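Below: the structure, in structure tokens.
Note that the coordinates shown come from a computational prediction; the quantities given were computed from them, not determined experimentally.
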Amino acid sequence: MIKPETPSNEIERLRALRALKILDTAHEERFDRVTRIAKHLFNVSISLVTLIDEDRQWFKSRQGLGVCELPRESSFCGHTINQNELLIIPDTSSDERFFDNPFVVGDPKIRFYAGFPLELKQGVIIGTLCLADDKPRNLSDEEKQLLRDLGSLVEQEIQSIQLATIDELTKISNRRGFLSLAEHTLNNCKKNKVSMTLILFDLNKFKQINDVYGHHEGDFVLTKFAQVMLSSFCDCEVIGRLGGDEFVVMLSDSGAKKADDALLCFTNAIEQTNSILNKPYNIDYSFGVVNFTYNTDKTVVEMIQDADTAMYKQKKQCNPS
């Protein structure tokens, strides 16, 4: 068995997948309808909507399979997400990647597989719509196009979920998306008894940039700030734009030192960005940082309020007048 390779953009891919907040959620008719149709139209024993998490493939919808997840390292779909076109295996017993796969030699004895990569945005593939059967077969050109059409329907449904939780301009979590993901992170920190840190950012003189250089330049600043956040805080669970010129980061398993190190990395990245851009203004910001123990009784909203208070104090210290 050949294990699937890890995509080069794995960190971005996992972040995008988890931002959707659909892992480990209940089945939904809009996805089940597609897998039922696919199973019937192609006359196969298994039809799935699969999402590829860090070390597992989890099934948002499944027909003909009893389990809700399987290991990623032995998955067919783990291979499919590494390409932009259908992956079709007419006979797994004659394919060097799969002939000794545990799901080929054992139940459900897969001999045929076809997977459509589900692309959330360009280059970011989070899972598949796939078919499997215990008999070898080929797909005609017409059947291949039909699978693409059904896969596109699944993509549209997933993208509709993304629109509700992703900021359209910066492509990071919006307030709703951040609160949802941060609540999940908070619960995990409590369960694992690890501390966490919340950092709130506010862009300085942002209104002035809009007024002097135009809103298109303001949009550029917001987008660039979000990009630097993504590259600087790559190990954190949640990054978001709360609205306007306010951004937020939640770090898990984080105390004061880890937060300080992350902020230093971010500060250096912003300075480098300003130097490279060479604009008539600098991207400047204030921030408030608060550390929380795992047994805090604060809600995520209250954490944000505490960070806002800390940011206000920092602003007064920098501008005492």
From Asn43 CG over to Lys135 NZ, what is the distance, rounded to the nearest 0.5 angstrom?
-> 8.0 Å
Do Ile110 and Phe42 share a hydrophobic cluster, counting only Ile, Leu, Val, Met, Phe, Trp and Tyr and linking them when any side-chain heavy atoms are less than 4.5 Å apart?
-> no
Under the side chain to side chain contact (heavy atoms under 4.5 Å, CB included) criterion, do Ile2 and Glu96 qualify, and how do the steps go?
-> CA-CA 7 Å; Ile2 298 178; Glu96 64 175 356; 4.2 Å; yes
Is there a side-chain contact between Ser254 and Met196, using heavy atoms and a 4.5 Å cut-off?
-> no
Full working for side chain to side chain contact (heavy atoms under 4.5 Å, CB included) between Thr165 and Ser173 | CA-CA 6 Å; Thr165 59; Ser173 293; 6.0 Å; no
So, for His27 and Phe59, is the gap between ring centers shorter than 6.0 Å?
-> no
Give a yes or no on whether Glu85 atom CD has more than 12 heavy-atom contacts from other residues, nucleotides or ligands under 6.0 Å away.
-> yes
Short side-chain to backbone donor-acceptor contact, Thr309 and Gln305, under 3.5 Å = yes
Taking atom CD of Glu5 as the centre, does the number of heavy atoms from other residues, nucleotides or ligands within less than 6.0 Å exceed 12?
-> no
Between the side chain of Arg13 and the main-chain N/O of Ile52, is any donor-acceptor distance below 3.5 Å?
-> yes
Same cluster or not: are Tyr113 and Leu150 linked, directly or through other Ile, Leu, Val, Met, Phe, Trp or Tyr residues, by side-chain heavy atoms under 4.5 angstrom apart?
-> no
Could you tell me how the ring of Phe98 sits relative to the ring of His79: parallel (under 30°), tilted (30 to 60°) or perpendicular (over 60°)?
-> perpendicular
Check whether more than 12 heavy atoms from other residues, nucleotides or ligands sit under 6.0 Å from atom NZ of Lys279, and answer yes or no.
-> yes
Residues Arg176 and Glu183 bridged, charged N to O under 4.0 Å | no
Partner of Leu200 under side-chain contact (heavy atoms from CB on, under 4.5 Å), chosen from Leu242, Val290, Val289 = Leu242
Same hydrophobic cluster for Phe76 and Ile125, using side-chain heavy-atom links shorter than 4.5 Å among ILVMFWY?
-> no
May I ask you to decide if Met229's main-chain N or O and Ser232's side chain share a donor-acceptor pair within less than 3.5 Å?
-> no
Do Ile88 and Leu139 come close enough that some side-chain heavy atom pair is under 4.5 Å?
-> yes
Looking just at side-chain N and O atoms, do Gln208 and Tyr281 make a donor-acceptor pair shorter than 3.5 Å?
-> no
Pick out which of Leu51, Thr50, Leu48 makes a side-chain contact (heavy atoms from CB on, under 4.5 Å) with Thr128.
-> Thr50
Pair Arg72 + Glu54, salt bridge at N-O below 4.0 Å = no
Between Arg18 and Asp53, does at least one N-O distance fall below 4.0 Å, as a salt bridge requires?
-> yes
So, Arg111 and Ser93: side-chain donor and acceptor under 3.5 Å apart, yes or no?
-> yes
Electrostatic pair Glu143:Arg148 at N-O distance under 4.0 angstrom = no
Ignoring hydrogens and angles, tell me if any N or O in the side chain of Asn274 forms a donor-acceptor pair with the backbone of Ile283 under 3.5 Å.
-> yes
For salt bridge (charged side-chain N to carboxylate O under 4.0 Å, His left out), just list the numbers for Glu12 and Lys121, CA-CA rounded to whole Å, side-chain angles, deciding distance to a tenth of an Å, and then say yes or no.
-> CA-CA 11 Å; Glu12 179 187 7; Lys121 58 182 180 179; 3.6 Å; yes
Between Asp253 and Lys193, is a salt bridge (charged side-chain N to carboxylate O under 4.0 Å, His left out) present by the stated rule, with each step listed?
-> CA-CA 9 Å; Asp253 196 11; Lys193 296 185 177 181; over 6 Å; no
Do Leu131 and Leu65 belong to the same hydrophobic cluster, where Ile, Leu, Val, Met, Phe, Trp and Tyr are linked whenever their side-chain heavy atoms lie under 4.5 Å apart, directly or via other members?
-> no
Can we say Glu29 and Arg36 salt-bridge, meaning some charged N sits less than 4.0 Å from an Asp/Glu carboxylate O?
-> yes
Flag yes if Phe103 and Val44 sit in one hydrophobic cluster, no otherwise; membership is Ile, Leu, Val, Met, Phe, Trp, Tyr, and two members link when side-chain heavy atoms are under 4.5 Å apart.
-> no
Are any side-chain N or O atoms of Thr223 and backbone N or O atoms of Asp219, one a donor and one an acceptor, separated by less than 3.5 Å?
-> yes
Stepwise, does the side chain to side chain contact (heavy atoms under 4.5 Å, CB included) test hold for Phe247 with Ile172?
-> CA-CA 10 Å; Phe247 294 81; Ile172 63 176; 3.9 Å; yes
With distance as the sole test, does Lys298 use its side chain to make a donor-acceptor pair with the main-chain N or O of Phe292 at under 3.5 Å?
-> no
Among side-chain atoms of Ser45 and Asp134, is any donor-acceptor pair under 3.5 angstrom?
-> no
Assess the side chains of Asn291 and Thr197: does a donor N or O sit below 3.5 Å from an acceptor N or O?
-> yes
So does Lys3 have more than 12 non-hydrogen atoms from other groups sitting under 6.0 Å from NZ?
-> no
Is there a donor in the side chain of Thr170 and an acceptor in the side chain of Asp167, or the other way round, less than 3.5 Å apart?
-> yes
Can Ser286 and Tyr312 be counted as having a side-chain donor-acceptor contact under 3.5 angstrom?
-> no
Exceeds 12 heavy-atom contacts within 6.0 angstrom, atom CD of Gln272 = no
Any donor and acceptor pair, going by atom type alone, linking the side chain of Thr267 with main-chain N or O of Leu263 inside 3.5 Å?
-> yes
Do Asp107 and Lys109 sit within salt-bridge range, that is, some charged N less than 4.0 Å from a carboxylate O?
-> yes
Side-chain donor-acceptor pair present, Ser195, Thr293, cut-off under 3.5 Å = no
So, Arg175 and Glu246, do they make that salt bridge, N to O below 4.0 Å?
-> no
Do Gln145 and Asp149 get their side chains close enough for a donor-acceptor pair, meaning under 3.5 Å?
-> yes
Do NZ/NE/NH1/NH2 and the carboxylate oxygens of Lys257 and Asp261 come within less than 4.0 Å?
-> yes
Gln83 side chain vs Leu86 backbone, donor-acceptor pair below 3.5 Å | yes
Check the pair Arg241, Leu169 against side chain to side chain contact (heavy atoms under 4.5 Å, CB included), reporting the backbone distance first and the verdict last.
-> CA-CA 10 Å; Arg241 180 188 177 197; Leu169 175 66; 3.9 Å; yes
Checking Asn192 side chain against Val194 main chain: does a donor-acceptor pair fall under 3.5 Å?
-> no
Cation-pi geometry met for Lys191 and Tyr294 (6.0 Å, 45°) = no
Taking the six-membered ring for Trp, is the centroid-to-centroid distance between Phe225 and Phe266 below 6.0 Å?
-> yes
For the side chain of Thr35 and the backbone of Asp32, is there at least one donor-acceptor N/O pair under 3.5 Å apart?
-> yes
